[in-house]
Amino acid sequence: MATEETAASWSAYHQAEAQSARTFALVGFVFYLLGAVIGGIALVTTLFTVFVPVGMPMGFFFFPVIFPGIFAAISIGLALWSWVTLQHIEAGRYQEAQAPSLVLGILGLFFAMLIGGIFLILAYTKLANITSGRAPPVAMAPPPPAAMPQPTGRVCPNCGRPIPMDAKFCNHCGHELP
Ligand SMILES: [Zn+2]
């Protein structure tokens, strides 16, 4: 009976962690996608403002395009990879999603995709909880029933609750006892 209860609470915990991992990975993906769109717009804008009016200044070729170009390439890569990782999570392939979500998160932080990076790392921690097979945190277990105070026949003159015969102070309200 105890093992059934443990299995049921493990299953509920597992599902909650999977749901969190899915949500975090989805939010991370959305931010990476946003980065990809911004990177793409920056790249196209740079191309049009630099190259169209001036007409291919060769000595100037890489300088204005290289940063938006790198940013666009990296953010598109992160968006695609986080989408693939999200599909693994959706399909319950937590093991396959775990390492990529950590790498994606670190890359995100490294390449200034901060919010996406943070969410991917959060997804990683949830996936790690699932794949490690760790028991649910103790906080989820119901607290043991509080010990009932023994009836003593003596009550606190201040709060009226039962107190031990030899008490010098009330253990409920702290009132000093005669
Ligand atoms: Zn009292």
Side-chain angles (χ1 to χ4, degrees), residues 1-38 74-75 78-79 81-178:
M1 193 185 82
T3 41
E4 271 170 35
E5 271 173 34
T6 310
S9 95
W10 165 248
S11 168
Y13 171 69
H14 186 283
Q15 279 173 22
E17 295 296 273
Q19 183 58 52
S20 303
R22 206 173 296 142
T23 307
F24 289 142
L26 178 63
V27 175
F29 161 72
V30 169
F31 276 98
Y32 284 163
L33 190 65
L34 201 65
V37 171
I38 293 168
I74 289 170
S75 48
L78 290 177
W81 196 13
S82 59
W83 174 253
V84 171
T85 303
L86 181 61
Q87 298 314 301
H88 281 313
I89 298 172
E90 297 277 6
R93 295 187 294 269
Y94 306 120
Q95 207 87 47
E96 281 96 325
Q98 193 182 340
S101 59
L102 181 60
V103 176
L104 277 163
I106 291 169
L107 285 175
L109 295 184
F110 192 77
F111 289 105
M113 312 278 289
L114 296 177
I115 301 171
I118 289 165
F119 276 98
L120 261 302
I121 288 172
L122 287 173
Y124 164 77
T125 63
K126 296 297 174 186
L127 292 169
N129 284 345
I130 296 168
T131 57
S132 69
R134 213 181 301 140
V138 185
M140 288 188 70
M148 292 302 289
Q150 295 299 310
T152 58
R154 192 179 176 211
V155 294
C156 169
N158 187 48
C159 69
R161 282 183 278 189
I163 45 167
M165 290 302 286
D166 56 348
K168 292 192 171 60
F169 294 91
C170 171
N171 51 6
H172 304 289
C173 71
H175 184 76
E176 191 172 356
L177 302 164

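Whatever order the structure lists them in is the order used to number ligands and atoms, beginning at 1.
- Residue pairs that meet the side chain to side chain donor-acceptor pair (under 3.5 Å) test with at least one member in residues 160-171, sequence neighbours left out, do not exist here.
- Contact annotation: the side chain of Leu26 never approaches that of Arg22 to less than 4.5 Å [non-hydrogen atoms, C-beta and beyond].
- Across every non-hydrogen atom of Pro100 and Thr85, the tightest pair is CB-OG1, 3.6 Å.
- In this structure, the side chains of Leu127 and Ser101 come closer than 4.5 Å at one or more pairs of heavy atoms.
- Excluding waters, the set of protein N, O or S atoms lying under 2.8 Å from the Zn ion (ligand 1) comprises Cys156 SG, Cys159 SG, Cys170 SG, Cys173 SG.
- Taking 4.5 Å as the limit, some side-chain heavy atom of Tyr124 sits within range of a side-chain heavy atom of Gln98.
- Within the 4.5 Å cutoff, the side chain of Leu109 has heavy atoms near those of the Ile121 side chain.
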